[in-house]
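Below: the structure, in structure tokens.
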Amino acid sequence: MARGEHHRIHAQDRTQRNRVRVAQEAARLMSEHGIRDFHHAKLKAAERLGIVDTQALPRNNEIEDALREHQRLFHADTQPQALRARREAAVEAMRFLRGFDARLVGAVLEGTADEHSAVCLHVFSDDPDAPGMFLREQGIPLEVQTRRLRWSASEQSEHPVLLFGADGIPFDLTVLPLDALRQAPLDRVDERPMRRASAAMVQQLMAEEDIEAFNAST
């Protein structure tokens, strides 16, 4: 093997090892420090490890896989309970917000939620103020922010976000127009349309997990 080819292969191996190290450290930061943003987590992880090669920055889906493994290894006694509590809270909230066709998205749906995670919902109304007005009428104090979502490689838009807490669990509601029920924004993990679930779908998911847990214990 030529010396140049040897160096190239060695460099590729080093870059791949560093990608794994950054992904694992980013997963640890997300799990133990409550960082929710993949990009912030990977940059902070690379800084902590002293890795400056941009080729060694993992993709978001690599960090998500590392997060699942970290939770399996280090938080198997607490993470499933936190996830279940948030899924149950999501079902209750979606029923409460049924007038806005609420859908569950994000870590609670995907199964990577922990005690730091908010229940993230999409709610739909052509009047962007209506969901907030409804919640305030129920006596729920809100913080209002905005979020930029991507719909395609060239299309982005900003939408209201309603933040509140209930029974110790944070909620994060993005208000979208009704036609967004037909097209989901792109997921930050894999750049594909976000997976979304209705209350009935989440109930079905929990029922299937209960069956799997029962079968595993018998």
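These values consider heavy atoms only, across backbone and side chains, with no hydrogens, waters or symmetry-generated copies.
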Considering all heavy atoms of both residues, which atom of H40 and which atom of I35 are nearest to each other, and what is their separation? CD2-CG2, 3.6 Å
Side chains of T146 and P160: does their closest heavy-atom pair fall under 4.5 Å? no
Can you measure from CG (L57) to NE2 (H39) and round to the nearest 0.5 angstrom? 8.0 Å
May I ask you to test the D101-L181 pair for a side-chain heavy-atom distance under 4.5 Å? yes
Pair R150, D187 - check salt bridge (charged side-chain N to carboxylate O under 4.0 Å, His left out), show working. CA-CA 8 Å; R150 294 180 60 237; D187 193 291; over 6 Å; no
Suppose we screen for side chain to side chain donor-acceptor pair (under 3.5 Å). Which residues come up paired with S157, at least two apart in sequence or across chains? W151, H159
Charged N-O contact under 4.0 Å between K44 and E47: no
Using only heavy-atom distances, determine whether the side chains of E143 and Q145 contain a donor-acceptor pair under 3.5 Å. yes
Side chain to side chain contact (heavy atoms under 4.5 Å, CB included) partner of V22, chosen from I63, L49, D53: L49
Rounded to the nearest 0.5 Å, what separation is found between the CG atom of D65 and the CD atom of Q24? 11.5 Å
For residues M206 and M201: do they belong to one hydrophobic cluster (side chain heavy atoms under 4.5 Å, members Ile, Leu, Val, Met, Phe, Trp, Tyr)? no
Is E92 atom CD crowded by more than 12 heavy atoms from other residues, nucleotides or ligands, each under 6.0 Å away? no
What about V105 and L83, same hydrophobic cluster or not, with Ile/Leu/Val/Met/Phe/Trp/Tyr joined at side-chain heavy-atom distances under 4.5 Å? no
Does the distance from a Lys or Arg side-chain N to an Asp or Glu carboxylate O, for D210 and R84, drop under 4.0 Å? yes
Flag the pair E158 and R147 as a salt bridge only when some basic side-chain nitrogen lies within less than 4.0 angstrom of an acidic carboxylate oxygen. no
CE/M133 to CG/L135 distance, rounded to the nearest 0.5 angstrom? 11.0 Å
When rounded to the nearest 0.5 angstrom, what distance separates CZ in R188 from CG in N61? 13.0 Å
Residues in salt bridge (Lys or Arg N to Asp or Glu O under 4.0 Å) with R192, at least two apart? none
F134/F96 aromatic ring centres below 6.0 Å: yes
Report yes if the side chains of E25 and M30 come closer than 4.5 Å at any heavy-atom pair, otherwise no. no
Return the set of residues passing side chain to side chain donor-acceptor pair (under 3.5 Å) with E209 (not counting sequence neighbours), or none when no residue passes. R87
Are the side chain of Q71 and the backbone of T112 linked by a donor-acceptor contact shorter than 3.5 Å? yes
Using 30° and 60° as the class limits, which term best fits the ring planes of H122 and F124: parallel, tilted or perpendicular? perpendicular
How far does CD of E88 sit from CD of Q203, to the nearest 0.5 angstrom? 10.0 Å
Check: L176 and T174 side chains under 4.5 Å, non-hydrogen atoms: yes
Hydrophobic clustering (ILVMFWY, side-chain heavy atoms < 4.5 Å, transitive) - are F100 and M194 grouped together? no
Mark yes or no for whether R28, through its side chain, and L67, through its backbone, hold a donor-acceptor pair below 3.5 Å. no
Cluster question for you: counting only ILVMFWY and a side-chain heavy-atom cut-off of under 4.5 Å, with indirect links fine, are V108 and V123 together? yes
For Q12 and Q16, does a side-chain donor sit closer than 3.5 Å to a side-chain acceptor? no
Heavy-atom closest contact (A26 atom, A45 atom, distance): N-CB, 3.5 Å
Check: R19 side chain, Q55 main-chain N or O, donor-acceptor pair, under 3.5 Å: yes
Side chains of F171 and L163, heavy atoms from C-beta outward: is any pair under 4.5 Å? no
Contact check, side chains of V161 and V144, non-hydrogen atoms, under 4.5 Å: no
Determine the minimum heavy-atom distance between A56 and N18, stating which atoms define it. CB-CB, 3.6 Å
Taking everything shown except R68 itself, do over 12 heavy atoms lie less than 6.0 Å from its CZ? yes
Within the structure provided, determine whether L162 and P131 are in side-chain contact (heavy-atom separation under 4.5 Å). yes
Heavy-atom count check: over 12 atoms from other residues, nucleotides or ligands less than 6.0 Å from D179 CG? yes
Please report the closest heavy-atom contact between C120 and L104, naming both atoms and the distance. O-CD1, 3.3 Å
Which heavy atom in P58 sits nearest to a heavy atom in K42, and how many Å separate them? O-NZ, 2.8 Å
Taking every heavy atom of R36 against every heavy atom of S117, the minimum-distance pair comes out as NH1-OG, 3.0 Å
Same apolar cluster: I169 and L173, side chain cutoff 4.5 Å: yes
Measuring only between side-chain heavy atoms, which start at C-beta, is E32 closer than 4.5 Å to H116? no
